[in-house]
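As structure tokens, the structure follows; a few thoughts come after it.
The chain is numbered in sequence order, starting from 1.
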Amino acid sequence: MTEVVDPRPIAAVLISVVGTFAILAAHRRPNVREGVTLAVALGKFGIIASMVPGVLAGDVYVWSLGSFVIDIPFELRADALGLLFGTLASLLWIITSLYSIGYMRGLGEHSQTRYFASFAMSLSAAVGIAFASNLLVLFVFYEVLTAATYPLVAHDETEEARKAGRKYLAYTFGGGVAVLAGTAAVYWLAGTVAFTPGGIDALATADPTFARGAFALLAAGFGVKAGLMPLHSWLPDAMVAPTPVSGLLHAVAVVKSGVFGISRVVLDVYGPEAVADLGVGLALGSVAAITLVAASVIALRKDNLKRRLAYSTVSQLSYIVLGLSILHPDAITGGLLHIPAHAFMKLTLFFCAGIIHVETHTDDISDMAGIGKRMPLTMAAFAVAAAGMAGIPLVAGFVSKFYLLVGTVSVGNYVFAGALLLSGVLNIAYFWPVVYQAFFESEDAHDAKPLVENPLGGTERASLARPDGGRPEDEDDEAEDDLDVDPEELGRPDFSGTEKRDYSEPAPLVDGEYAVDQNPSDHTVDEGDEGDDADDHTPEDHHGTEDHHDEHHHGGPPPSGWTRSGWFGGESTWFMLGPILAAMTGSVVLGLVPHAAVFLRLIDGIVSAVLAGVTL
């Protein structure tokens, strides 16, 4: 191990801070603003990538700004674990920036300058988290990330968006308080909060009760952003944000900062040996196992595509936490490898959801029958990423989950192994209906049964007629009052008399017309009327509203059916299609040649260093 004093860690953090101000200055020139975004993203990735060869060779790049609090330095340190997260976040920022340009312009979104500036600051905080050399510096950047992402969550400025933003702040700042308390407890117990591969020695001999308490505080604080139940509910509500933000929250920075924090605590603060001795690994693993199964079950019941993906994220993040808590080298490898694997796959899925929204204003799975012919490239990419999430071979999810399963079985924990297998089956159950409806059904002849929402077994539209007319129970009394109406006022004859009508004869006329002609079914809306109604709605009406198809929704196939698109980009712009295919390609490369993709090589070094108790 060789420590090298080098300014590149701080440069990687500051370049996007400078970029934030440049983006704000270019607010009147959108092309310049977005050019700055791409230039800064490329520069950040270039700086971080330049450190990878040295770290793989055994170097660690350090830059200190002097003492911070007491004798704790404000120091940035690019080691193997930090580069795993930093390289991933900076690489995916490039892809997300390109996609954001197509998405924000495609919908004519407001406040685009604020959006791109907040994105740049968020990535600065994420890289600061990656390169923090101790718990206190990590806490500072952890809180900066919360503040920087709030404008993105509340971007739509609707009441729903503001409510989701307030909930996001309450949960994540609350988690930050727990991290700070845990950091103070570790300093009190060990006299240091510096990250040390294999763990801080003093914690192994500290009072077990206080050591467990400090671990619980840190795990809970980081577990908020990692989506561990019951601290997860902010995450699905944050789906009100634009889709590229959902990608940032679920794949790139925010949730990954949570699992990264847990990784630091398990590997570099307590160490596997102390975690095992204190018995906290089993508790953490139990929470993760419950989360990954329960969130998968909940995902089954979500018709809104983004919300289904949100609960999928809650489940998939727990794979990472479970791998870390098992403490076997293969399980740790699988958990850490699932960080980039999940990032590439989930970013692909969210990008697909976003392009479907931009091009068709369709957000619900039940409206997507036959959409594969309208968006063949998009849905093919979705199918590949979904297969990876379910652990199908040749995609990244299979490799990481295989390591996890081997490690779990190796330590003889068959309960956790069963949870992994059950969750894999549930992954197939909630992703397959999307692919099936898109490619194997048509919009005029489809079965909504694969969806499990409201009445168990199918969507409301797939249910049999109900005697209450489908009204919620709390509306029964009010509905009964509405029945006391003169039938003549409704434009139909009164059949309530004692005389039975002869149904072999034509129905009585009302004002010279049959009642059915006076009140035609409202589902046969004139195409022109539908188009006029659609024009009354803005893109913001469709962000994060799970039940919008019941009121003012103009998604789903048009009356004439989906327009067939070719396989060469006719479904949208390449600003959106290109990033989708790039993210999908990354998930395939990680599944086919994980060592060549550098992430697994970094992870091998991390695990070796932790087991040896020496710095890499």
Side-chain angles (χ1 to χ4, degrees), residues 81 84-85 88 129 138 142 171-172 175 178-179 182 212 215-235 249-251 254-272 274-276 278-296 310-343 346 389 391 397 400-401 403-405 407-408 411 413 415-420 422-424 427 603 606-607 610:
L81 183 55
L84 174 68
F85 182 32
L88 177 69
I129 290 171
L138 192 156
Y142 195 73
Y171 271 75
T172 52
V179 170
R212 291 188 187 101
F215 184 92
L217 286 169
L218 292 171
F222 290 121
V224 171
K225 283 181 179 172
L228 291 177
M229 288 183 172
L231 307 172
H232 70 290
S233 67
W234 67 269
L235 207 155
L249 294 174
H250 288 255
V254 177
V255 297
K256 291 302 187 296
S257 72
V259 293
F260 178 81
I262 293 175
S263 302
R264 284 293 195 192
V265 171
V266 172
L267 302 179
D268 294 344
V269 176
Y270 280 79
V275 169
L278 293 170
V280 292
L282 181 61
L284 181 62
S286 299
V287 173
I290 292 170
T291 300
L292 65 88
V293 173
S296 296
Y311 280 101
S312 169
T313 296
V314 174
S315 174
Q316 295 290 328
L317 292 172
S318 291
Y319 282 86
I320 302 168
V321 178
L322 183 61
L324 293 166
S325 65
I326 291 171
L327 305 175
H328 187 276
D330 286 335
I332 295 172
T333 298
L336 293 178
L337 185 59
H338 204 60
I339 293 177
H342 173 261
K346 187 51 63 71
M389 297 292 283
S400 58
K401 291 183 179 183
Y403 272 105
L404 280 168
L405 191 59
T408 307
V411 298
N413 196 322
V415 173
F416 287 173
L420 287 170
L422 176 59
S423 179
N427 283 184
I603 292 167
I606 295 166
V607 173
V610 168

Problem - Gap between atom CD of Gln316 and atom OG of Ser296 - 0.5 Å precision - result: 7.0 Å
Problem - Ile326 versus Gly407, closest heavy-atom pair with distance - result: CG2-O, 4.0 Å
Exercise for the section: Go through the steps to decide whether Val610 and Asp268 satisfy the test side chain to side chain contact (heavy atoms under 4.5 Å, CB included), and finish with yes or no. Expected result: CA-CA 8 Å; Val610 168; Asp268 294 344; 4.2 Å; yes
Handout entry: Ser263/Leu336 under side chain to side chain contact (heavy atoms under 4.5 Å, CB included): CA gap, chis, key distance, verdict
Key = CA-CA 8 Å; Ser263 302; Leu336 293 178; 3.9 Å; yes
Handout entry: 4.5 Å side-chain heavy-atom contact, Ser312 and Asn427
Key = no
Practice task
Go through the steps for Ile262 and Leu284 under the test side chain to side chain contact (heavy atoms under 4.5 Å, CB included), then give the verdict.
Solution key: CA-CA 10 Å; Ile262 293 175; Leu284 181 62; 4.2 Å; yes
Practice task
With the side chain counted from C-beta on, respond yes when His338 and Tyr403 share a heavy-atom pair under 4.5 Å apart, and no when they do not.
Solution key: no
Practice task
Would you check if the distance from the ring center of Phe260 to the ring center of Phe222 is below 6.0 Å?
Solution key: no
Handout entry: Distance under 6.0 Å and angle within 45° of ring axis: Lys401 vs Tyr319
Key = yes
Exercise for the section: Determine whether Val275 and Phe215 make a side-chain contact, defined as any pair of heavy atoms from C-beta on separated by less than 4.5 Å. Expected result: yes
Handout entry: Pair Val266-Leu327, side chain to side chain contact (heavy atoms under 4.5 Å, CB included): steps then yes or no
Key = CA-CA 9 Å; Val266 172; Leu327 305 175; 4.1 Å; yes
Handout entry: Atom of Leu292, atom of Ser315 and distance for their closest heavy-atom approach
Key = O-OG, 2.8 Å
Handout entry: Check: Thr313 and Lys346 side chains under 4.5 Å, non-hydrogen atoms
Key = yes
Exercise for the section: Please report the shortest heavy-atom distance between Leu235 and Val255, naming the atom on each side. Expected result: CD1-CG1, 3.6 Å
Exercise for the section: Determine yes or no for a side-chain-to-main-chain donor-acceptor pair under 3.5 angstrom, with Arg212 supplying the side chain and Val280 the backbone. Expected result: no
Completion exercise
When every non-hydrogen atom of Gly175 is compared with those of Val224, the smallest separation belongs to CA-CG2, 3.9 Å
Handout entry: Donor-acceptor contact present, side-chain Ser423 to main-chain Ala419, <3.5 Å
Key = no
Problem - Euclidean distance, Leu322 CG relative to Thr408 OG1, rounded to 0.5 Å - result: 5.5 Å
Problem - Distance, nearest 0.5 Å, that separates CG of Leu337 from CD1 of Ile603 - result: 4.5 Å
Problem - Interatomic spacing from CG in Leu81 to CD1 in Ile606 - rounded to 0.5 Å - result: 4.5 Å
Problem - Pairwise distance CD1(Ile339) to CG(Leu88) - rounded to 0.5 angstrom - result: 8.0 Å
Exercise for the section: Compute whether any side-chain donor of one residue and acceptor of the other, for Thr172 and Lys225, lie under 3.5 angstrom apart. Expected result: no
Exercise for the section: Please report the shortest heavy-atom distance between Ser286 and Phe416, naming the atom on each side. Expected result: N-CZ, 3.6 Å
Problem - Backbone N/O of Arg264 and side chain of Tyr270: donor-acceptor pair under 3.5 Å - result: no
Fill in the blank from the handout: Taking every heavy atom of Leu317 against every heavy atom of Gly227, the minimum-distance pair comes out as CD1-N, 4.4 Å
Problem - Backbone N/O of Gly334 and side chain of Ser400: donor-acceptor pair under 3.5 Å - result: no
